[in-house]
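Just so we're on the same page: letters track the sequence lines, and every chain starts at 1. Values reported hereafter were calculated over all heavy atoms of this structure, with side chains retained and with hydrogens, waters and symmetry mates removed.
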Amino acid sequence: AAGVIQSPRHLIKEKRETATLKCYPIPRHDTVYWYQQGPGQDPQFLISFYEKMQSDKGSIPDRFSAQQFSDYHSELNMSSLELGDSALYFCASSPPPSRNEQFFGPGTRLTVL
Amino acid sequence: RKEVEQDPGPFNVPEGATVAFNCTYSNSASQSFFWYRQDCRKEPKLLMSVYSSGNEDGRFTAQLNRASQYISLLIRDSKLSDSATYLCVVNGAGTASKLTFGTGTRLQVTL
């Protein structure tokens, strides 16, 4: 079965650089979520989109922005990167109509040097 | 205090053992409940949703007590491949609402 696709899988950036993470949800899933997982921590919710509109917002820094496109894929844009942004970034998607269960992609491992 | 509390473990059990994990959540408005498993440096994978009536999937049984805000997971006949971190997860009300994760309980199944 098709899963959530994330790219790139690994990314190394310098401080103050920008990064763009991409997420392609499972086909026919219309809702996308972004989570950040630091070392030894549980995943923390960043932001979600339903039908291309921002649905819920968590502890996402102002330096980050995200959007969902007409084909339902989503991009997380991160600017002025800091060392503390080094983490695993997961995208998840959920299917209509309930949108309760969320299925996670393999993640993007971001390292900021 | 975290919104979802779990015993971090680790739980070290022999193959074939039965092991139980517990979890409590503080937000009484939580609507949906799940157990996910996560292997080291991998994504969380949905193990099962949890319903008030209790539900079973093979060797796994989950229970929810809304009055006590308590969730449990029972694993019978543990396999080596069950070794992972088990995350108790709750979902708020509304469409596309966030998941809130517990810190996870580490399980190590040994020969």
Side-chain angles (χ1 to χ4, degrees), chain A residues 1 3-6 9-10 23 25-26 29-60 66 68 72 74 87-109 111, chain B residues 1-10 21 23-27 29-52 55 57 60 62 64 71 84-107:
Chain A
V4 175
I5 297 172
Q6 290 188 248
R9 294 292 308 277
H10 302 272
C23 169
I26 293 171
H29 286 200
D30 58 3
T31 309
V32 169
Y33 312 78
W34 288 96
Y35 293 84
Q36 178 192 59
Q37 187 173 28
Q41 298 183 354
D42 49 279
Q44 295 294 313
F45 173 74
L46 293 177
I47 195 166
S48 64
F49 292 89
Y50 161 58
E51 279 293 340
K52 292 151 277 184
M53 301 283 289
Q54 182 182 305
S55 179
D56 199 1
K57 195 171 180 181
S59 50
I60 183 169
Q68 186 180 32
Y72 297 108
S74 178
L88 261 172
Y89 290 83
F90 290 112
C91 173
S93 71
S94 59
S98 67
R99 301 179 184 83
N100 268 342
E101 297 178 341
Q102 296 182 23
F103 299 90
F104 284 74
T108 294
R109 182 169 295 280
T111 302
Chain B
R1 181 171 177 255
K2 278 188 68 74
E3 196 171 327
V4 181
E5 298 264 15
Q6 291 182 253
D7 180 346
F21 302 140
C23 161
T24 57
Y25 61 96
S26 59
N27 187 351
S30 298
Q31 293 291 312
S32 305
F33 309 88
F34 310 94
W35 285 99
Y36 280 75
R37 69 168 278 169
Q38 186 172 29
D39 295 280
C40 189
R41 300 164 75 89
K42 297 280 186 73
E43 74 272 25
K45 290 188 175 174
L46 179 63
L47 185 63
M48 56 200 306
S49 302
V50 189
Y51 306 109
S52 296
N55 47 305
D57 183 1
F60 300 84
L64 165 66
I71 307 164
T85 296
Y86 289 82
L87 299 163
C88 177
V89 184
V90 305
N91 194 345
T95 301
S97 58
K98 66 175 186 178
L99 295 180
T100 301
F101 289 79
T103 49
T105 300
R106 178 89 182 106
L107 171 66

- Side chain / backbone / both / neither for B:K45 at chain A, heavy atoms under 4.5 Å: neither
- Task: Would you give the length of the straight line joining atom CG of B:N91 to atom CD of A:Q102, rounded to the nearest 0.5 angstrom?
- Result: 6.0 Å
- Task: Ignoring hydrogens and angles, state whether a donor on the side chain of A:Q37 or B:Q38 is under 3.5 Å from an acceptor on the partner side chain.
- Result: yes
- Message: Is there a side-chain contact between B:E43 and A:V4 in this structure, where contact means two heavy atoms from C-beta onward sitting under 4.5 Å apart?
- Response: no
- Message: If you count heavy-atom pairs within less than 4.5 Å of chain B, which of A:D42, A:V32, A:L88 leads?
- Response: A:D42
- Heavy atoms only, distances under 4.5 angstrom: which of A:Y35, A:F49, A:F103 has the most pairs with chain B? Name it, please. A:Y35
- Query: How many angstroms lie between atom CZ of A:F104 and atom CG of B:L99, to the nearest 0.5 angstrom?
  - Reply: 5.5 Å
- Note on the structure: Note: vs chain B, highest number of non-hydrogen pairs under 4.5 angstrom among A:G105, A:G58, A:S94 is A:G105
- Query: B:F34 versus chain A, heavy atoms under 4.5 Å apart: side chain, backbone, both or neither?
  - Reply: side chain
- Portion of B:K98 that has a non-hydrogen atom of chain A nearer than 4.5 angstrom: both
- Item | From CA spacing to verdict: side-chain contact (heavy atoms from CB on, under 4.5 Å), B:K42, A:F90 | CA-CA 10 Å; B:K42 297 280 186 73; A:F90 290 112; over 6 Å; no
- Item | Distance-only side-chain donor-acceptor flag, A:N100 / B:S32, under 3.5 Å | yes
- Task: With rounding to the nearest 0.5 Å, note down the distance linking OH in A:Y50 to OG in B:S97.
- Result: 12.5 Å
